[in-house]
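Structure first, commentary second.
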Amino acid sequence: MSAAPHAAAPHAAAGPVTVRVPAKVNVQLAVGAARADGFHDLATVFLAVSLYDEVTATATSGDGPTVGCEGPGSDQVPLDRTNLAARAAELLAARAGLTPAVHLHIAKNIPVAGGMAGGSADGAAALLACDALWGLATPREELLELCAELGSDVPFSLLGGAALGTGRGELLTPVPAGRFHWVFAVAHGGLSTPTVFREFDRLTEGTAVPAPRASAELLAALASGDPDALAAVLPRSNGLQPAALSLRPELARTLEAGVAAGALAGLVSGSGPTTAFLVRDEEAGLKVAAELDASGTCRATRVTSSPAAGATVLA
Ligand code: ATP
């Protein structure tokens, strides 16, 4: 690989580039039986929420990406080349024939190993930040393809908004979504997504797992912006919830505490252990968050809204 003539690229950024990227919650997560390759077919509805990481890309004179991370849970984030942000920089540089001479600083706010796609978000953010830093102006479709190479949840982190995901979740179709308000209860410790899928396989062994299908009722509720309609479908919409609860039974208490505090509905976010609560408005969210904080059933709370924009370069 040749040294990167970054400054010569016509659209290269003059200084560091910062990208803001949202967390997601799966308002539906229908899981099929394990395939021969070990993956599961999914029908999932992703929703981006206003809880963000920020990734700043700065040019260096090194021969590979370096990573720094600050914020809650940052001690759990790998700083080597297994970090999805570093892998994104390497992937984009290889495609462009550049040396990934970049430092990626992650300001972490998305719970680590929390079922909110924090690592995927950083991968999408790093891809967009390096694209701007290096002046590549890679077409959107190609960026989405690179995202899919990095991981199933990465394309949605770039796209944001609300989208139906099929395949392993990487084949996206945007769907309409009204505005909703959410409280997230961050759990003590994380849960590994592969472990939760293995528990799903164990719990469903010997049963006929139906092919995953998007719920028309859920999509209509999401489009309507009516929180009561969405609340009616949420408690049974995450197919991984039984597996997450089996591994972390104490999450049932968090779900009960959120609903007792006035949430319209609660569910496990993705593979957990973060739990998500739909609330009527921001004021209700602040009350639910305060009661959850006082309940001792979670580590922290975040009050958010949806839909949020996907990965965005900050001016
Ligand atoms: P998902 O919802 O996509 O299943 P998650 O939100 O549960 O993922 P992540 O926060 O993405 O989980 O972290 C999963 C693991 O990925 C971490 O334990 C960590 O080892 C690794 N990882 C790699 N890059 C990152 C990153 N930038 N931020 C956080 N974790 C990362």
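We use all heavy atoms of the structure for the numbers below, so side chains are in, but hydrogens, waters and symmetry mates are not. Remember, it's a predicted structure, so these values are computed and weren't measured experimentally. Each ligand, and each atom within it, is numbered from 1 in the order the structure gives.
A heavy-atom cutoff of 4.0 Å around ligand 1 is satisfied by the protein residues Lys24, Val77, Pro78, Thr82, Asn83, Leu84, Ile106, Lys108, Pro111, Val112, Ala113, Gly114, Gly115, Met116, Ala117, Gly118, Gly119, Ser120, Asp122, Asp153, Thr193, Ser271.
Tested against His103, the residues Val67, Thr56, Thr60 include a single side-chain contact (heavy atoms from CB on, under 4.5 Å) partner, Thr60.
Asp131 is linked by a salt bridge (charged side-chain N to carboxylate O under 4.0 Å, His left out) to nothing, counting only residues two or more places apart in sequence or in another chain.
Glu70 and Lys108 are not joined by a salt bridge, as no carboxylate oxygen comes within less than 4.0 angstrom of a charged side-chain nitrogen.
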**OP:** Could you walk me through whether Glu205 and Arg202 pass the salt bridge (Lys or Arg N to Asp or Glu O under 4.0 Å) test, one step at a time?
**Re:** CA-CA 5 Å; Glu205 201 175 354; Arg202 194 183 71 79; over 6 Å; no
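Cation-pi geometry between Arg20 and Tyr52 is met: the NZ or CZ atom falls under 6.0 Å from the ring centre, inside 45° of the normal.
Put simply, the side chain of Arg35 does not reach to within 4.5 Å of the side chain of His40, judged on heavy atoms.
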